[in-house]
Structure formats: structure tokens, C-alpha cells
Q: 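Dumping the structure here so I can ask a few things about it.
Per chain, numbering begins at 1; letters A, B, ... match sequence-line order.
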2 protein chains.
Amino acid sequence: MMYPPKASMEGQSKGDRTRAAILQAGLEVASTEGLEAITIGRLADRVNLSKSGLFAHFSSKEQLQLEVLQHGRNEFVTRVIGPALAETRGEPRLRTLLKNWLGWNWSNDSRGGCIFLQAAAEYDDREGPLRDALVESQHDMVEFLVGAAALCVEEKHFRSDIDPRQFAFELYALVMAHHFHIRLLDDPTAPKRTRKGFERLLESAK
Amino acid sequence: MMYPPKASMEGQSKGDRTRAAILQAGLEVASTEGLEAITIGRLADRVNLSKSGLFAHFSSKEQLQLEVLQHGRNEFVTRVIGPALAETRGEPRLRTLLKNWLGWNWSNDSRGGCIFLQAAAEYDDREGPLRDALVESQHDMVEFLVGAAALCVEEKHFRSDIDPRQFAFELYALVMAHHFHIRLLDDPTAPKRTRKGFERLLESAK
DNA sequence: TCATTAAGTGAACGGTCGTGCACTTTTTCG
DNA sequence: CGAAAAAGTGCACGACCGTTCACTTAATGA
């Protein structure tokens, strides 16, 4: 009796805990460097496992990547979508969404990346299950934005002739530009510009 | 005397022609799959050379990538920036710029990619000469946009209180969203939405 | 507690990568 | 034409990759 599982880990076997640690480490790597940058050896070092020890948790590297992506979706729902849904429909929800979305990052340093935007560049030209899963997640994301914009129309926060899909397109555009300016150009004014663009977008929809 | 150089290639040695073919092939690969997807062997096959034969033209793979990126910059200037500069300053120049920008692609199929946006995702977290070169090119790009917007103010096409840098941010945002929707989501309405966003952007600046 | 099962290890495989080198072939030019 | 220089080849190397497998170690539950 040396290292009994802590009470806080109740109901989780050792394997489950290790698996969770792997997926979390994978998400961190994928968010900054991409899903293709995930390497069994590198990830094994990060969680203090041997290559084969880590590999044994998954049937293939692709399966590992798929589960990392799914973990990213879960975390995004928890940290961004959920808080927005808890807000009043219409404009307030949209504002909460953007706030949490811009704070959605994973790395330890101050320039965290987005696993979805990284993966989008990696799989926009490649076929296979990973691309399919990514496309599905981004389709869902767009549809959520469209729905959120449609609610603004419904709640009379927007004019009735506003096209929710066009609104969603332009909102996502701003978030992408934010990511680009922060991460590549290291531009500290990016959040301010993103919010300003957002305000203009809202204003022209009213 | 079997295969004399054609007259059209006058002034170019065989080595120069091979080099140009390599850079062009490299640009095609980099535009769709990224600069990191460039592999000596793959590129050698594409231009019918042996690995070492191709390698002999460059001092390292990194140097090859740098030259491919530079080739991309040159092509972008020729095909996008140039035609815009030939147009009247202000709004007409901006419209020409966007038109050619959206047509800026390199692949054979209908979903050509942009070497800069691909590379942005690849190097936004990595240090080194490649990132430096990319950042410089994108900095220049942004400054060109800022200048083009500033000319709109100067020509009284825009209100005098319009911030050119904010305008540039939002314009680039639309182009990024275009790329994303075309390539990942395979959305044929992307050009229409991009132009609609552009019109709204212009309208709110007048 | 102790046998059963789960979790993790280490070495090895075939494959691809960038790079170096000795060599052959082709181009170039006096 | 023929020699010098340029261009291209073939092979090998060390490093890292994903994956397999026989094995050891640790966790689990009756």
C-alpha cells in the first residue's frame, strides 16, 4: 500500500487518468503546433511514458489525433459555447461568445493558439477521417454562429433583413484575423481591433 | 548537338532553368500543403531530378524553402499588387486589389491555396529565418493595405476619421475567411460573402 | 492477501527524411 | 572539336517516425 489513488480520482482507473493526461498534452501541442506535430515520442516524454506505453492506449496515431480533436471540441463547448448559452439570447449572448472565444487558448505562454484554426490549415487539402472530423466540427461552429445571429433578429436586436449566415461569416473572419495578428505578427492591438470590428458589425446590423 | 537550348530561353543557363522549375514546383506544393510539406524527394520527382541533383541547387532545405517563399512574394507582387498599382488610387485600386487577391491561387484543381496563409499557420509558433521572412512579407502586406486605405481617405473616398489600419485589419479578415470557407468547408458562396462583406466595409467607411 | 488483469517497458522492424560524397553525364565556350 | 566547368546520379549515413511484440511491473478486487 504505497500510492493509493486519491479520492478525487474516484471512479477513474489508472488507465483512464493516463489517457486523460495524454489527451490534454496532445491538445496543448495541437493548439500551438498542429495535430500533425503530435508525435508519439514527444507526447510520451511530456507525460513521462515510454513510446510504446503511450501507444498502447490507442489503436493508431490517427485514432489518437481524432481523440485529441474531440477533446478540443469538448473543451471548446465547456469554455466558450456553454458560457454563451448561459447568457440571454441575442446581443448579450453574442458579446459573451466573442469574449470567451478570444480568451480560448491553451499554451502556457501568452500567445496560445487555436487547435481548430491550426488544423484547418493542415487538413484543408487532405482527405481522411481527420479532415472529416474537423469539417464537421467547423460546420457545427458556423451553424452555432448562424443560430446566434438569427436569435438577434428574432429578439429584434438586429434588423429583420439581416442575413445571419453573412453575419456569421464576417464574425468568424474577425476571429481569424485576431488569431493571425496575435500569433504571427505579435500585434498587441489585435484584440482591440477585433472588438472594434465587432462593434461595427453589430452597429451595421441594427 | 542533340538538344540545343531554345531561343526563348536565351540568357538562361540550364542550371537557371532547372532552378526556376524547382521553385515553381515548390510554390505549388507550398501553396496547397505548406512549406513544411516540401520534401526534397517529392520535389525531385515532380521536376524529374534525383534527390541529390535537386539538392545541389541549394545549400540546405531551409534555403530552398526561403527561396520558394521569396518566389511566392514575387509572384504575388506581379499578379496581385502590380495590377492594383496600375489602377487609379483610392476605391478603384482597392476593388482591383480584392478581385486579383481572391483569384490568387496556384493549384491545378479549383481550390488553390495561399502560400502565405498556409505558412502563417506553420510558423506562427516557430522561430527561425523562415518565420522571420514570412513575418516580414506579411508586415509588408499589411502596410500596403494600410497605405491603400489611407489613399482612400486622401482621395476623399472615405471619411476623414477612418482609421486605415483598422480598415486593413478587417479587409484581411475577409480574405482569410474566404480562404477558410473555400478550402476547408468547400463553400461555393464564399466569394459572394467576401464581396458582400467588402461592400459593407466600404459603405461604412464612406 | 494473492491471483488476475491492467499498465507500462525496451528493443527492434521498415520507412522516410536531409545531407554528404565520389562519380558520370551534359552543357558551355575558346 | 575538345577541354574545362556545370549539372545530375547513386549510394550510403544517421536520425526520427509509427508500429509490433515479448516481457516486466503495478494496480485491482474477491
Side-chain angles (χ1 to χ4, degrees), chain A residues 1-26 29-30 33-69 122 126 128-130, chain B residues 1-26 29-30 33-69 122 126 128-130:
Chain A
M1 203 273 284
M2 296 192 65
Y3 296 112
K6 297 184 193 155
S8 67
M9 289 161 173
E10 203 179 7
Q12 271 195 90
S13 67
K14 175 119 198 296
D16 290 341
R17 272 175 276 136
T18 303
R19 232 186 127 84
I22 294 170
L23 292 182
Q24 183 57 35
V29 171
E33 307 181 39
L35 273 167
E36 288 297 308
I38 287 181
T39 227
I40 311 276
R42 280 190 18 142
L43 224 53
D45 283 350
R46 251 176 177 274
V47 295
N48 280 96
L49 272 176
S50 63
K51 270 173 62 174
S52 41
L54 185 145
F55 187 77
H57 285 271
F58 307 90
S59 53
S60 69
K61 184 192 176 184
E62 188 174 68
Q63 187 58 36
L64 162 61
Q65 291 171 308
L66 278 168
E67 297 198 29
V68 168
L69 183 59
E122 293 179 303
R126 213 173 304 196
L130 269 164
Chain B
M1 202 272 284
M2 296 191 68
Y3 296 113
K6 298 186 194 153
S8 68
M9 287 158 173
E10 204 179 7
Q12 270 194 90
S13 69
K14 175 117 198 298
D16 290 341
R17 273 175 277 137
T18 303
R19 231 185 128 85
I22 294 170
L23 292 182
Q24 182 58 34
V29 170
E33 307 181 37
L35 273 167
E36 288 296 308
I38 287 182
T39 227
I40 312 275
R42 279 191 17 141
L43 224 53
D45 282 350
R46 250 175 177 276
V47 294
N48 281 95
L49 271 176
S50 63
K51 271 174 61 174
S52 38
L54 185 147
F55 187 76
H57 284 270
F58 307 90
S59 53
S60 69
K61 184 191 175 182
E62 188 174 69
Q63 187 59 36
L64 163 60
Q65 292 171 309
L66 278 168
E67 297 198 29
V68 167
L69 182 60
E122 293 179 305
R126 214 172 303 194
L130 269 164

Q: Are any of the side-chain heavy atoms of B:Leu49 and B:Ile22 separated by less than 4.5 Å?
A: yes

Q: If the condition is side-chain contact (heavy atoms from CB on, under 4.5 Å), which residues does A:Phe55 pass it with, not counting sequence neighbours?
A: A:Ile40

Q: Taking the side chain as every heavy atom from C-beta outward, state whether A:Leu64 and A:Leu54 have any atom pair closer than 4.5 Å.
A: yes

Q: Could you list the residues that satisfy side-chain contact (heavy atoms from CB on, under 4.5 Å) with B:Gln65, not counting sequence neighbours?
A: B:Leu35, B:Glu36, B:Lys61, B:Glu62, B:Tyr123, B:Leu130

Q: I need the CD-C1' distance between B:Gln65 and C:dG18, as an integer number of Å.
A: 11 Å

Q: Protein within reach of the bases, or only the backbone? For nucleotides 6-22 of chain D, mark each nucleotide 5' to 3' as B, S or -, using heavy atoms under 4.0 Å.
A: -SSBB------SBBBB-

Q: What distance separates B:Ser60 OG from B:Leu66 CG, expressed to the nearest 0.5 Å?
A: 7.5 Å

